[in-house]
Amino acid sequence: MAHIVVMGAGLGGSIMAYEMQEQLRPEDRITVITKDPMYHFVPSNPWIAVGWRKREHISVDLSKIMAKKKIDFKPVPAKKVHPQQNRIELEDGTSVDYDYLIIATGPELAFDEIEGLGPYGGHTQSICHVDHAEKAHEAFEEFCKNPRPIVVGAVQGASCFGPAYEFTFILDTELRRRKIRDQVPITFVTSEPYIGHLGLDGVGDTKGLLESEMRDHHIKWITSAKVKKVEDGKMFIEEIAEDGSVKKETELEFGFSMMLPAFRGIDAVMGIEGLVNPRGFIIVDKHQRNPTYPNIFGVGVCVAIPPTGPTPVPVGVPKTGFMIESMVTATAMNIGQILRGQTPDHVGTWNAVCLADFGDSGVAFVAQPQIPPRNVNWASSGKWVHVAKVGFEKYFLGKLRKGTSEPFYERRCSRCWASAS
């Protein structure tokens, strides 16, 4: 009998549990460890921040679904992984032993790396968690009573740029609906070397598409930006030249700001030699398996991926939902093979398919594979993207509530977009 433990129950961990269960032998069992019994659909957080969604619209009670699936479920945060002992120490003082561990925790948000950053003790908002998005909505409603400049973007070391672009244009749409857009200058501040880089050195013509959208919506931008600190209503920025020198220092005043932070690994794995890199991300091979501890696998945002190339300001690589699903499937199949005495040979496609909603339009891109050079390198824009994003939200939440993992929508859309290119 083998005991498989999934640590984390977000976008990757929840689906990981479903797919892994399908690979188990009758005598095997699976346990999910997570700090939150409720799943929240993170891609909908920008909508929550402007009041287009409520928490209950994007939440799923995983404890009930896991029980129906006969998956042991422990809503207790992990305190420390002890890989040499095949044991996870939990915050409540108990421990869980495992034969195989799948780490799917997502990241820790590194707000503390920049003075004044973040929604708790800082001066900027976030859409990384539903709690942050609700707090951002409260701040936005107050802002609309006294409209002033807005600053949105992603700081140095960030690796998830799509939501920053999404939220910028969603704010633009909502402000126009409230008929106060003319009172609100918007500046997009990013560590990317150019608009549309996305941590991927661009996909198709994302540079041209997003620059054009920003011009059309009267949004200014600052690239290769390093945020030094944030004070109440003021952001201090250094613009970095190609050689790493500071070419300009800028102070931006704002009445509302949302800045995505850098990510790092969670405390439970931080500093474990051979398991994580210096930032705490899980080191894996092409089979999602850790080379030092071969009974540990990693999927999702917590996985270490090197940047696509040097940039004046540090830029991370995003892990999109479609890419994560491919990691999940490969991991489940590989562990299934190992349980049956076979050599694991499944490799995730690591393709990127992203729908960036702008409220009434949007930009979509397909990168196959995500890291260049690519077989498919395509981007497009239009009102259909908004419709597709809404459709995917309903589809994914429905899939999660049913306890299914079949990625039909993902495969179908991927084929359609690949054909369109």
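Along the sequence shown, residues are numbered consecutively beginning with 1.
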Q: Do you see a donor-acceptor pair shorter than 3.5 Å between the side chains of His346 and Asn334?
A: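 No.
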Q: Determine whether Phe188 and His217 satisfy the following criterion, ring-ring contact (aromatic ring centres under 6.0 Å, His included), listing intermediate values before the conclusion.
A: CA-CA 12 Å; Phe188 187 79; His217 290 80; over 10 Å; no
Q: Is the shortest heavy-atom distance from the side chain of Val5 to the side chain of Ile88 under 4.5 Å?
A: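 Yes; the side chains approach each other to less than 4.5 Å.
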Q: For Leu209 versus Ala379, what's the shortest heavy-atom pair and its separation?
A: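 Shortest heavy-atom contact: CD1-CB, 3.7 Å.
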Q: Check whether any side-chain heavy atom of Pro294 lies under 4.5 Å from a side-chain heavy atom of Tyr100, and answer yes or no.
A: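 Side chain of Pro294 against side chain of Tyr100, heavy atoms only: no contact under 4.5 Å found.
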Q: Using 4.0 Å as the upper bound for N to carboxylate O, is an ion pair formed by Lys228 and Glu239?
A: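 Looking at Glu239 and Lys228, the cut-off is not met.
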Q: Step by step, work out the side-chain contact (heavy atoms from CB on, under 4.5 Å) result for Ile15 and Lys399.
A: CA-CA 9 Å; Ile15 299 302; Lys399 181 171 71 169; 4.1 Å; yes
Q: Would a 4.5 Å heavy-atom cut-off, applied to side chains only, mark Asp360 and Arg176 as touching?
A: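 Yes. Closest side-chain heavy atoms under 4.5 Å.
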Q: Please test Arg264 against Glu108 for salt bridge (charged side-chain N to carboxylate O under 4.0 Å, His left out), starting from the C-alpha separation and ending with a verdict.
A: CA-CA 5 Å; Arg264 62 183 174 227; Glu108 181 177 292; 2.7 Å; yes
Q: Are Tyr165 and Pro163 side-chain neighbours, meaning at least one heavy-atom pair lies under 4.5 Å?
A: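 Not in contact.
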Q: Just wondering, do Pro261 and Glu113 contact through their side chains at under 4.5 Å, heavy atoms?
A: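 No, side chains not in contact.
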Q: For Ser59 and His40, does a side-chain donor sit closer than 3.5 Å to a side-chain acceptor?
A: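 There is such a pair (donor and acceptor under 3.5 Å, judged by atom type) between the side chains of Ser59 and His40.
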Q: Can you tell whether the side chains of Glu231 and Lys229 come within less than 4.0 Å, N to carboxylate O?
A: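 Result for this pair is yes, salt bridge flagged.
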Q: Should the ring pair Phe256 and Phe143 be called parallel, tilted or perpendicular, given that the plane angle runs from 0 to 90° and is split at 30 and 60?
A: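 Rings of Phe256 and Phe143: tilted, as their planes differ by 30° to 60°.
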Q: Please lay out, stage by stage, how Tyr194 and His197 fare under the test ring-ring contact (aromatic ring centres under 6.0 Å, His included).
A: CA-CA 6 Å; Tyr194 58 84; His197 181 280; 5.2 Å; yes
Q: With Ser257, which of Gln125, Lys234, Met235 fulfils side-chain contact (heavy atoms from CB on, under 4.5 Å)?
A: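 Testing each of Gln125, Lys234, Met235 against Ser257, the sole residue satisfying side-chain contact (heavy atoms from CB on, under 4.5 Å) is Met235.
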Q: Identify whether the distance between the nearest side-chain nitrogen and carboxylate oxygen of Glu141 and Arg178 falls below 4.0 Å.
A: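 Yes, charged N to carboxylate O under 4.0 Å.
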Q: Looking at side-chain heavy atoms only, is the closest gap between Asn290 and Phe297 below 4.5 Å?
A: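 Asn290 vs Phe297: side chains apart.
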Q: With a 6.0 Å cut-off (strictly less than), is the heavy-atom count around CD of Gln342, excluding the residue itself, greater than 12?
A: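 Counting other residues, nucleotides and ligands, CD of Gln342 exceeds 12 neighbours.
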Q: When you compare the side chains of Glu211 and Trp221, does any donor N or O come within less than 3.5 Å of an acceptor on the partner?
A: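 Side-chain D/A pair, Glu211 to Trp221: absent.
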Q: Using a strict cut-off of less than 4.0 Å between a Lys/Arg side-chain nitrogen and an Asp/Glu carboxylate oxygen, indicate whether Glu238 and Lys248 qualify as a salt bridge.
A: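 Result for this pair is no, no salt bridge flagged.
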Q: Hey, mind stepping through Lys145 and Glu142 against salt bridge (charged side-chain N to carboxylate O under 4.0 Å, His left out) and telling me if it holds?
A: CA-CA 5 Å; Lys145 298 174 184 177; Glu142 285 300 310; 2.9 Å; yes
Q: Side chains of Thr34 and Asp36 only: does a donor on one sit below 3.5 Å from an acceptor on the other?
A: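 Per modelled atom types, Thr34 and Asp36 side chains form no pair under 3.5 Å.
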Q: Taking the six-membered ring of Trp47, is the NZ or CZ of Arg55 close enough (under 6.0 Å from the centre) and on axis enough (within 45°)?
A: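 Checked: cation-pi criterion not met.
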Q: Looking at side-chain heavy atoms only, is the closest gap between Thr168 and Ile219 below 4.5 Å?
A: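 Touching, per the 4.5 Å side-chain cut-off.
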Q: With a 4.5 Å limit on heavy-atom distance, are the side chains of Met20 and Gln23 in contact?
A: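 Contact flag for Met20/Gln23 side chains = yes.
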Q: May I ask you to decide whether Glu134 forms a salt bridge with Lys54, counting only side-chain N to carboxylate O separations under 4.0 Å?
A: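 Salt bridge: no.
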Q: About how many Å separate CG of Asn351 and CZ of Arg374, when rounded to the nearest 0.5 Å?
A: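 Rounded to the nearest 0.5 Å, the CZ-CG separation comes to 10.5 Å.
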Q: Does Lys80 have more than 12 heavy atoms from other residues, nucleotides or ligands lying within 6.0 Å of its NZ?
A: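 Yes, the 6.0 Å shell around NZ holds more than 12 heavy atoms from other groups.
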Q: Strictly by modelled atom types, are Gln337 and Thr343 linked by a side-chain donor-acceptor pair under 3.5 Å?
A: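 No, no side-chain donor-acceptor pair sits under 3.5 Å.
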Q: Measuring from Cys302:SG to Ile103:CD1, what's the distance to the nearest 0.5 Å?
A: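 Rounded to the nearest 0.5 Å, the SG-CD1 separation comes out at 6.5 Å.
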Q: Are Ser44 and Glu393 linked by a side-chain donor-acceptor pair shorter than 3.5 Å?
A: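 The answer is yes; a qualifying pair exists.
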